Enquirer: 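Structure incoming, see below.
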Amino acid sequence: MSEPLVSIQNLRVAFRMEDGEPFEAIKGISFDIPKNRTVALVGESGSGKSVTSMAILRLLPSNAEFGAESKILFEGKDLLQEDPHALRKVRGGNIAMIFQEPMTSLNPVFTVGDQIMETLMLHMGMGRRAARQKAISLLTECGLPEPERRVDRYPHELSGGQQQRVMIAMAIACEPKLLIADEPTTALDVTIQKQILKLVADLQKARGMSVLFITHDLDVVGEFAHEAVVMREGEIREHSEIRKIFESPQDNYTKALIKCRPHLGRRPQRLAVIDDFMQGTPYKEPPHRPRGYSHGDEIILDVQGLHKTFFSREGLFGKRAFDAVKDVSFKLAKGKTLGIVGESGSGKTTVGLTLMRLHEATAGKAFFNGKDILSMTPKEFKAYKRRIQIVFQNPYASLNPRFTVQDILTEPMMLHGIGSGAQERRRLAADLADRVGLSSNALSKYPHEFSGGQRQRIAIARCLTMKPDILICDESVSALDVSVQAQVLNLLQDLQDEFRLSYLFISHDLSVVKHISDQVMVMHEGVLVEQADSDVIYANPQHDYTRELLASIPRGWPRDSFNAEGALAEA
Amino acid sequence: MANEKGSRSLWALGWKRLRKDHIGFVSLWMVAAFVLLALAGALGLVASGWRNEVAKPYAPPTLLKSLGPKHVQLTAENIDAANKASEQANGQPSTGTSLTADEDPLAGDLAEASKNEGQYQEAATQKAETLPMGADLRGRDVLQKVLKGTSTSMLVGLMGSLAAIVLGTIMGGFGGYFGQKIDDLLMWFYSVFTSVPDMLLLLAFSAVLRRGISTVILVMALTSWTGTFRLMRAEFLKHKSREYVKAADAIGASHLRRMFVHILPNVSYLLLVQFSILTVALIKYEVILSFLGFGVSVTQISWGSMLAEAPAELIQGYWWQMACVTLFMSILVTAFSMLTDSLRDALDPKVK
Amino acid sequence: MRKGQFALAALTAILISGNGFAADMNKVLHVAFNAPETGFDPAKISDQYSSSIVENIFDPLITYDYLARPVKLIPNTTEAMPTISKDGKVYTFHLKHGIYFADDPAFGGKKRELVAEDYAYSIKRLLDPTINSPYSFLVNGRFVGGDELVAKAGKNTLDYNAPLEGIKTLDKYTLQLTLKETNFNMTYILSMPVFGAVAREVIEANAANTMAHPVGTGPYLLKEWKPGTKMVLEANPNYRKDVFNFAPSKDAIDAGIIKAMKGKTLPCIGRVEVSIIEEEQPTWLAFLEKQLDISGIPQPALQEALVIDPKDPTKATLNPKYAKMGIQHQRYKLQEVTYTYFNMDDSVVGGDSKEKLALRRAIAMAFPRSETIAAIRRGQAVPVNYMIPEGVGGHNPNFKGAAEYDPAKANALLDKFGYKKGADGWRVQPNGKPLSIEYATGSAAIDKQWNEYWQKAFDSLKIHVTWKVGKWNELDKEARQSKLQMWGLAWGADYPDGDNFMMLLYGKNAGDVNYANFKNAEYDKLFESSLKLPDGPERNKLYDQMNKIVVAQQPWIFGDTRVRNTLAQPYVKGFKIHPIVNTTWRYIDLQK
Amino acid sequence: MFAYIIRRVLQMIPTIFGVMLLLFILFNWVGGDPSYILAGKSMNATTLANIRAQLGLDKSQFAQFLIFVKQVATLNFGISWSNQQPVSSILAARVGPSVTLTGFIMLVSTVLSISMASLVAYVRGSLTDRMVTLICTTAMSVSALVYIIAGQFWLAHKLGWFPVLGWGDSFAKNLVTYLPLPVLLGVIVSLAPDLRFYRSCFVEEMNHDYVRTARAKGLSEPKIMLKHVMRNALIPVVTSIMMSLPYLLVGALLLETFFAIPGMGREVIMAVDKSDFPVIKAITIYIAILTMIFNLLADIVYKLIDPRVQLK
């Protein structure tokens with residue numbers, strides 16, 4: 001192999017914390033980015049992958065310090081030693097970068113054209129007119145529909161996927177030799193994600209540039225990266241060809257990462273967790289779990305013709321109606337899981353919130369044990385409230401930060417008169433905390449002292465205090481790292497097995513839904529497009545939209561979708 | 001990360017951050033010292049004798065005596081003597097009035113009373129020539145006045161902003177949380193109040209109420225709740241759709257519980273910041289109020305009522321009362337503002 | 001008839017070169033008022049600031065000699081002082097010919113001569129119920145037939161054309177006023193600025209806004225008016241020939257004034273700019289910076305401006321550093337009394353019983369008046385000992401009416417009448433009810449200074465005092481509705497006669513100028529008798545008796561009479577303060 | 001947009017009504033009786049009744065309120081009760097000085113504070129930044145009253161750098177002679193809080209992701225500051241300026257009082273002092289209307305500088 005484009009040597013990054021203590025985020029890593037190759041930097045949160053990518057362009061905040069021997073060589077020059085002027089030439093010129101949140105990463109008050117032209121004028125010395133023409137052609141290249149019109153649009157007038165295309169257009173404007181993509185698709189829907197990934201892969205090939213692709217999801221890069229660097233806690237665990245990573249991973253952590261992600265192709269009784277691999281004993285996959293509604297299932301919740309309309313003000317006195325949920329009917333069986341999948345705006349969350357009466361339904365009935373909970377007065381509903389509970393998506397937001405875990409767990413009991421007194425409620429809370437796998441001293445702590453996975457356990461424990469019949473999981477595992485996600489999914493499964501809970505499992509992640517659901521309903525723009533047992537629907541989707549959705553799921557390895565030739569490039 | 005360090009609430013974390021912030025921490029101590037001083041003043045432990053005329057009128061500060069003007073200070077005795085001289089010249093009686101005993105219905109009673117007046121005679125006290133911070137028109141100790149004034153001004157500032165905060169929070173909370181008709185009504189109220197110039201509201205409210213500390217506090221609360229209302233309305237609006245509040249709804253917490261047990265503690269750091277901003281503003285506001293004649297009553301003293309005397313004193317060259325108040329006020333207000341900045345940084349849950 | 005009059009007027013204007021316009025329009029006098037004016041319709045104003053402007057625009061029949069002290073009336077627009085009938089009821093005035101109003105569109109481009117009818121009209125306006133003149137009390141019930149005419153008008157405009165016996169013109173230049181009762185103050189009253197002559201055409205043409213359209217025969221006309229902010233007067237080009245020709249009084253400065261001014265045609269100053277500066281610090285600084293030409297010394301600046309001799313504080317002299325600069329300093333006692341009244345109708349402080357009297361007396365005895373004169377007035381005031389101040393007819397310098405300052409005796413007196421001290425150390429009423437007195441006050445810094453001394457007085461008596469702080473008009477309203485307990489006021493002479501002061505406690509004036517609601521049959525009888533007498537020993541005897549009643553009954557606590565100190569820049573020539581006339585602008589000159 | 005403006009204008013009606021109600025209650029309840037001022041030194045019941053009738057005070061409260069409604073609808077508030085001049089002409093004379101004084105203070109203060117704030121934000125965390133913040137905080141701690149009293153006494157009187165007070169008819173004369181000191185003092189009072197506020201706006205913007213993007217593009221720091229950050233930071237800055245514009249009319253009471261500037265602030269005090277209800281009504285209603293109009297304008301300007309904003 002020839003001279004690498006970028007060579008990272010013994011990179012150490014420490015952040016000086018508020019208390020003056022240094023926190024070492026990157027602990028002396030070295031790897032190369034060869035020319036014309038896509039290198040994936042994979043890791044969970046806290047692994048240091050983003051810090052590494054930011055370090056290359058020296059975009060880290062001012063409290064970051066590099067180790068004395070650290071070097072980032074770009075075409076032989078150490079970027080860490082470059083003066084600001086030379087560094088600016090590299091930034092945007094030779095090395096370009098795209099970010100996770102295209103909305104906030106674009107300046108909201110300039111048109112997208114202006115922002116692309118700015119780079120062109122800066123690095124290529126173009127005039128406005130030329131830059132504009134070039135910007136339009138770049139947008140065309142990046143697949144933005146109607147580029148002539150959209151070049152004058154402001155970022156907020158574009159969709160998330162379009163914004164990311166703009167970011168990419170901006171990044172490739174000056175023919176960079178290296179494109180750093182920092183989780184560019186994490187905030188996007190799965191169908192859009194696929195398009196963007198394809199775009200990056202195509203551009204890489206067409207332009208012969210190198211790409212450093214940062215992601216937490218190995219499956220995403222499996223499709224098109226040439227090699228992968230797996231990071232954990234500031235260290236590199238494994239660095240090899242992508243094929244090797246999937247087919248013969250050497251490092252236990254890599255192995256765990258591959259296994260703990262639910263997969264469309266298999267459904268073990270329990271998902272693997274990191275600990276299964278790290279103890280040194282070889283991992284044996286548990287047997288397959290069959291799923292599906294069966295005839296004798298007791299229907300605990302029967303939703304008929306659920307409809308929800310939101311209104312917004314428009315014109316002089318007018319209102320604009322927006323139907324978030326249109327005539328949705330389904331049945332939830334006792335002890336079973338009904339998955340609801342759909343992309344953002346599909347109305348899946350609205351269904352959950354409406355059933356909890358966190359929104360009032362516009363029309364429809366929901367029979368819970370034969371009673372329509374939607375038409376009850378709030379007073380009547382109060383008794384039912386404890387029987388349907390919800391676990392929200394963001395474990396950081398769903399727990400009151402000013403409450404201790406004990407407060408959080410005893411509050412519902414107090415409100416519903418569960419337990420004979422404070423003493424007993426505390427005991428019950430301790431039992432539940434234990435049940436969801438929290439340590440014994442957890443009760444006196446505050447939510448911010450816990451990790452995301454632990455917080456989600458607290459949220460689940462809170463629901464369990466009321467011994468509900470139905471648990472609505474609204475994207476409950478989406479924000480978690482894959483390893484933690486596996487733990488929480490296992491917990492949910494255990495609880496279902498133990499308490500015969502019924503789950504309404506709402507998620508955009510089809511793999512997860514496939515793993516946990518007995519029956520799946522697919523929603524699109526407020527409409528239920530398809531509903532069937534999960535194995536059935538994944539094996540044999542009836543609706544075009546379902547098929548599109550399924551096709552968009554990153555499959556990791558073996559790569560099967562858009563980039564078959566990519567694999568060939570390897571050989 | 002904090003696990004091994006034991007459990008800490010957000011408040012405790014904020015406190016920890018505040019202690020790290022040297023400026024903030026020093027400011028905190030200074031504010032605390034002022035609060036203690038204010039309490040001591042309110043309880044009469046400090047400067048309870050501020051109304052005593054202990055020195056000659058406008059006695060200069062001891063150390064800066066030479067910087068004071070050398071005006072002759074007239075005393076009641078001078079006036080008495082001068083009047084006596086002119087009375088004698090005019091042939092007026094030297095004591096009593098021109099009424100004869102039978103013309104004055106009280107003559108007999110007065111004669112009788114004069115036998116008992118001994119118990120009310122007060123020995124003349126020696127008046128000091130200088131004082132550490134000088135004296136005012138009536139020979140009162142400026143230092144004592146400013147200490148007592150600290151007490152009043154801080155009481156006014158703290159209570160005024162507390163009242164404004166309570167008013168603003170309750171209204172803002174209901175408006176933001178419930179929205180719809182209640183919000184429309186409260187917003188209407190808000191826009192009415194913000195559309196009327198403060199000065200007019202102030203003059204109008206002051207005109208209805210009696211003079212005194214409680215009035216000043218009330219007037220301040222009535223004219224300054226709007227900022228808190230706006231802030232709290234926005235916060236409640238934001239928080240009510242947060243997942244933890246929805247979760248509270250899901251577990252069956254009532255509206256009031258959600259508002260005051262769940263949301264309020266989460267926005268209270270903003271209230272604390274708002275509180276200290278308002279306190280500073282109101283301490284300064286009190287000065288203007290006093291200048292316009294709406295300050296505290298005669299038996300009370302505040303920084304504002306002292307500064308209201310400043311324009312007249314300055315043209316006579318008596319600069320010390322103004323200097324003394326300005327010094328005290330700057331120290332407190334600067335410390336308070338610094339503390340506010342530090343609090344804002346320390347308590348913001350985003351910064352972790 | 002009117003038409004002919006105009007024609008004649010135009011003719012005289014050409015024939016007589018009486019218009020001796022000599023004012024130098026480049027000479028600009030800068031002065032300041034410390035409170036806003038209200039307007040310039042003589043019939044509608046009563047405040048000092050508006051009067052100060054009005055007296056320069058309108059001419060009353062009679063005016064004061066600039067230099068003579070004690071003050072002396074002289075003819076103004078009349079040939080001579082009026083002839084008064086033997087019974088003192090009929091006054092006849094002969095107007096000078098050839099006096100013209102300032103030009104105004106209402107005159108249709110012609111010169112308009114001042115005639116007797118103008119004075120008749122102007123005086124009738126004061127009676128007009130639609131005008132609500134603040135000075136209507138000076139004319140109501142005074143002229144023969146006046147009351148009947150007013151009654152006929154009801155709420156509507158007075159019929160100015162109806163014949164009125166009391167106010168009539170004998171010919172074009174002769175005015176005859178007939179009084180119902182003898183009144184020895186009539187000439188003083190008629191010299192007040194509100195009796196200046198207005199032209200009916202002007203008033204009627206500007207009926208909606210007479211305040212802003214003063215057109216008179218005086219030395220100045222209103223050039224510019226920004227209400228509450230600025231007034232600019234300019235010399236009236238139509239002003240009659242008026243030459244400075246006053247005889248010196250025994251005051252030392254008169255010689256210099258006559259030297260500077262004698263023979264000059266008045267007014268000398270072409271333009272007078274009056275601004276409103278409420279605060280004392282800026283006023284004083286502005287004078288020192290020569291941004292003002294004449295200014296009183298604000299109380300806080302007295303020590304700085306004057307050298308005050310502790311032995312005789314009222315004889316203060318100018319601080320040598322200013323004297324060296326040539327700044328002129330003049331001093332005179334105002335013709336005023338200040339007093340604090342007790343509401344005699346009040347259940348706590350009012351009433352004739354001895355215990356109530358004792359309470360009032362004790363409060364009077366506890367007020368440290370000398371201290372206030374020293375500290376607040378800076379010695380620039382003398383104590384009031386008689387209801388009539390020095391310089392006003394009827395004053396008795398030998399009378400001592402003020403209660404002696406003796407808080408110890410006052411306390412003993414309260415003890416004697418059963419104002420016992422309660423458990424908390426504060427006194428209660430003899431009937432056991434709590435004792436708390438409410439003192440009314442304004443909200444200015446100066447009010448607060450006074451209140452501190454009142455607080456001290458009440459504290460020394462162990463009587464609770466509270467403050468009723470209000471705007472002047474609110475307090476005034478409550479005072480007249482008898483809702484206040486105590487309030488401090490000042491009364492300045494409208495004309496230099498004791499009657500103007502003694503009426504303040506006349507029983508029939510209760511609810512009006514008798515704020516104390518003092519109703520004493522003997523006092524009232526004596527007052528009524530005094531009205532029938534001219535100034536002199538006979539009347540003085542009555543006044544002494546009345547003062548004794550007041551001292552004995554204590555409806556008032558006597559305050560002080562201020563000594564006004566006024567400064568003028570060195571280049572102001574001919575300047576002498578007049579105790580009655582507000583402004584001297586027309587008599588002075590600027591020589592920079 | 002048009003519909004939005006119409007709706008906002010319609011929404012002003014209830015607010016104006018509320019302001020009227022508040023004003024009416026406050027001043028009819030507590031405002032004092034102007035007839036006692038007009039009556040002067042001495043009065044009798046007939047005079048008083050006549051005056052009250054002329055002022056319309058003898059009408060029922062409801063009738064008086066109806067008159068008020070009519071006055072607001074026609075924006076004709078009649079004549080002042082204290083000096084019987086048309087309210088409109090009184091206010092017209094007062095507006096100029098207030099706008100001139102406050103306008104210059106605002107202009108100078110805004111220009112200075114924005115430029116200083118951007119500089120300080122640029123070097124945030126440095127010694128300069130901390131010193132400026134400290135100086136600002138200390139400067140803010142001194143009462144405006146002290147600045148004015150002391151400034152007039154020392155700068156004008158003792159040092160003689162400025163005239164002590166005054167106001168002329170010519171704009172140029174005012175600008176050159178009379179304005180500098182009051183404007184200087186006004187700027188001293190308002191600069192520090194403005195500077196602090198604007199600095200925080202800038203600093204907050206500098207933490208946004210798009211700044212990182214701009215850096216990644218290779219833009220220089222000054223360019224990032226002047227182009228990207230400035231434009232975004234101006235959003236709150238312009239809004240706060242727009243919101244404070246109605247105060248131009250209220251004027252700067254203390255400065256007007258001490259420098260004898262014939263502005264609106266003094267008029268308000270005077271009107272309240274004399275219970276001059278027509279003037280109070282006019283000032284309040286005008287300011288209320290202006291406040292609302294400027295609020296609306298602020299929103300529209302907001303829309304112009306921030307394309308994200310949707311006017312709803």
Side-chain angles (χ1 to χ4, degrees), chain C residues 30 32 35-39 41 44-47 50 129-138 140 150 155 208-212 224-230 275-279 281-289 291 470-477 479-480 491 494 503 509 511-513, chain D residues 30-51 53-54 79-80 82-86 89-90 93-94 97 148-149 152-153 156-158 160 162-169 254 257-263 266-267 269-275 279:
Chain C
H30 294 96
E37 76 298 338
T38 51
D41 181 343
K44 288 187 177 174
I45 54 142
S46 64
D47 63 298
S50 306
T130 57
I131 292 200
N132 297 312
S133 172
Y135 276 115
S136 56
F137 74 99
L138 294 175
N140 277 335
V150 171
K155 284 190 169 183
N209 195 356
T210 54
M211 285 296 223
E224 186 188 342
W225 181 32
K226 291 191 177 150
T229 301
K230 192 180 179 189
S275 44
I276 309 289
I277 310 175
E278 283 118 336
E279 285 295 305
Q281 160 165 298
T283 314
W284 177 236
L285 297 183
F287 177 77
L288 293 182
E289 300 299 316
Q291 286 182 256
K471 296 185 296 185
W472 192 84
N473 61 330
E474 288 165 24
L475 295 180
D476 192 45
K477 179 176 183 176
R480 292 179 198 246
W491 183 267
D494 292 310
M503 71 177 192
N509 284 341
D512 191 349
V513 290
Chain D
V30 305
D33 193 335
S35 48
Y36 280 82
I37 286 183
L38 294 178
K41 261 175 129 168
S42 165
M43 68 187 69
N44 55 46
T46 344
T47 319
L48 218 53
N50 279 344
I51 294 175
Q54 279 175 15
I79 61 164
S80 150
S82 78
N83 56 28
Q84 296 172 33
Q85 297 311 297
S89 72
I90 293 179
R94 294 285 186 163
I148 294 169
I149 300 168
Q152 188 179 43
F153 186 73
H157 174 58
K158 287 281 181 196
F162 305 95
V164 169
L165 51 78
W167 193 259
D169 292 326
L254 288 182
T257 310
F258 276 87
F259 289 94
I261 296 169
R266 276 171 82 196
E267 182 63 38
I269 296 283
M270 215 158 73
V272 173
D273 211 41
K274 293 193 161 188
S275 300
V279 173

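Below, chains carry the letters A, B, ... as their sequence lines are ordered, and counting in each starts from 1. Excluded from the calculations below are hydrogen atoms, water molecules and symmetry mates; all remaining heavy atoms, backbone and side chain alike, are included. Keep in mind that what you see is a predicted model, and the values were worked out from it rather than measured.
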Enquirer: Return the minimal non-hydrogen interatomic distance between C/Glu279 and D/Thr257, and the atom names on each side.
Expert: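 Scanning both residues completely, I find the closest heavy atoms to be CG-CG2, 3.5 Å.
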
Enquirer: At a 4.5 Å cut-off on heavy atoms, which part of C/Glu37 comes close to chain D: side chain, backbone, both, or neither?
Expert: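 Backbone only.
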
Enquirer: Check whether C/Thr210 gets within reach of chain D through its side chain, its backbone, both or neither, counting any heavy atom under 4.5 Å.
Expert: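 Neither the backbone nor the side chain of C/Thr210 comes within 4.5 Å of chain D.
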
Enquirer: Compare every heavy atom of C/Leu288 with every heavy atom of D/His157, then report the nearest pair and how far apart it is.
Expert: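 Answer, listing the atom of D/His157 first, then C/Leu288: CE1-CD1, 3.5 Å.
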
Enquirer: Identify the two heavy atoms, one from D/Ser82 and one from C/Thr38, that lie closest to each other, and give their separation to 0.1 Å.
Expert: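 Residues D/Ser82 and C/Thr38, closest heavy atoms: O-CB, 3.7 Å.
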
Enquirer: Tell me, side chain or backbone of D/Phe153 under 4.5 Å from chain C's heavy atoms, or both, or neither?
Expert: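 Both backbone and side chain of D/Phe153 come within 4.5 Å of chain C.
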
Enquirer: For a quick test of reading the model, state the closest non-hydrogen atom pair linking C/Ala212 to D/Gln85 and the distance between them.
Expert: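 Of all heavy-atom pairs spanning C/Ala212 and D/Gln85, the closest is CB-OE1, 3.1 Å.
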
Enquirer: Please identify each residue that fulfils side-chain hydrogen bond (donor to acceptor under 3.5 Å, both in side chains) with D/Trp167, with sequence neighbours left out.
Expert: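 Per chain and number, D/Trp167 pairs via side-chain hydrogen bond (donor to acceptor under 3.5 Å, both in side chains) with no residue.
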
Enquirer: Have C/Asn209 and D/Gln84 got a donor and an acceptor in their side chains that come within less than 3.5 Å?
Expert: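 No, no side-chain donor-acceptor pair sits under 3.5 Å.
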
Enquirer: Heavy-atom distance under 4.5 Å to chain C: side chain of D/Ile149, backbone, both or neither?
Expert: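 Contact with chain C is through both the backbone and side chain of D/Ile149.
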
Enquirer: Under the ring pair (Phe, Tyr, Trp, His ring centres under 6.0 Å) test, which residues partner D/Phe258, sequence neighbours left out?
Expert: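 With neighbours one apart ignored, the set is B/Phe291.
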
Enquirer: Checking C/Asn140 against chain D: side chain, backbone, both or neither under 4.5 Å from a heavy atom?
Expert: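 Just the side chain, heavy atoms under 4.5 Å.
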
Enquirer: Could you tell me whether the side chains of D/Arg94 and C/Thr229 share a donor-acceptor contact shorter than 3.5 Å?
Expert: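 Their side chains do contain a donor-acceptor pair, which is all the 3.5 Å distance test asks for.
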
Enquirer: For chain D, which candidate among C/Pro227, C/Ala32, C/Gly470, C/Ser275 shows the most heavy-atom pairs at distances under 4.5 Å?
Expert: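 Result: the option with the highest number of such pairs is C/Pro227.
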
Enquirer: Given side chains that start at C-beta, do those of C/Glu289 and D/Pro163 come closer than 4.5 Å, heavy atoms only?
Expert: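 Counting from C-beta outward, C/Glu289 and D/Pro163 never come under 4.5 Å.
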
Enquirer: Can you tell if the side chain of C/Lys230 reaches within under 4.5 Å of the side chain of D/Pro262, non-hydrogen atoms only?
Expert: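 Answer no - side chains too far apart.
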
Enquirer: Less than 4.5 Å to any heavy atom of chain C: does that hold for the side chain of D/Ala156, its backbone, both, or neither?
Expert: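 The backbone, not the side chain.
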
Enquirer: Quick one: closest heavy-atom pair of D/Val164 and C/Gln291, and the distance?
Expert: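 Closest approach of D/Val164 to C/Gln291: N-OE1, 2.8 Å.
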
Enquirer: Looking only at non-hydrogen atoms, find the nearest pair between C/Lys155 and D/Asn50 and report the distance.
Expert: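 Looking at all heavy atoms of both residues, the shortest contact is CG-OD1, 3.9 Å.
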
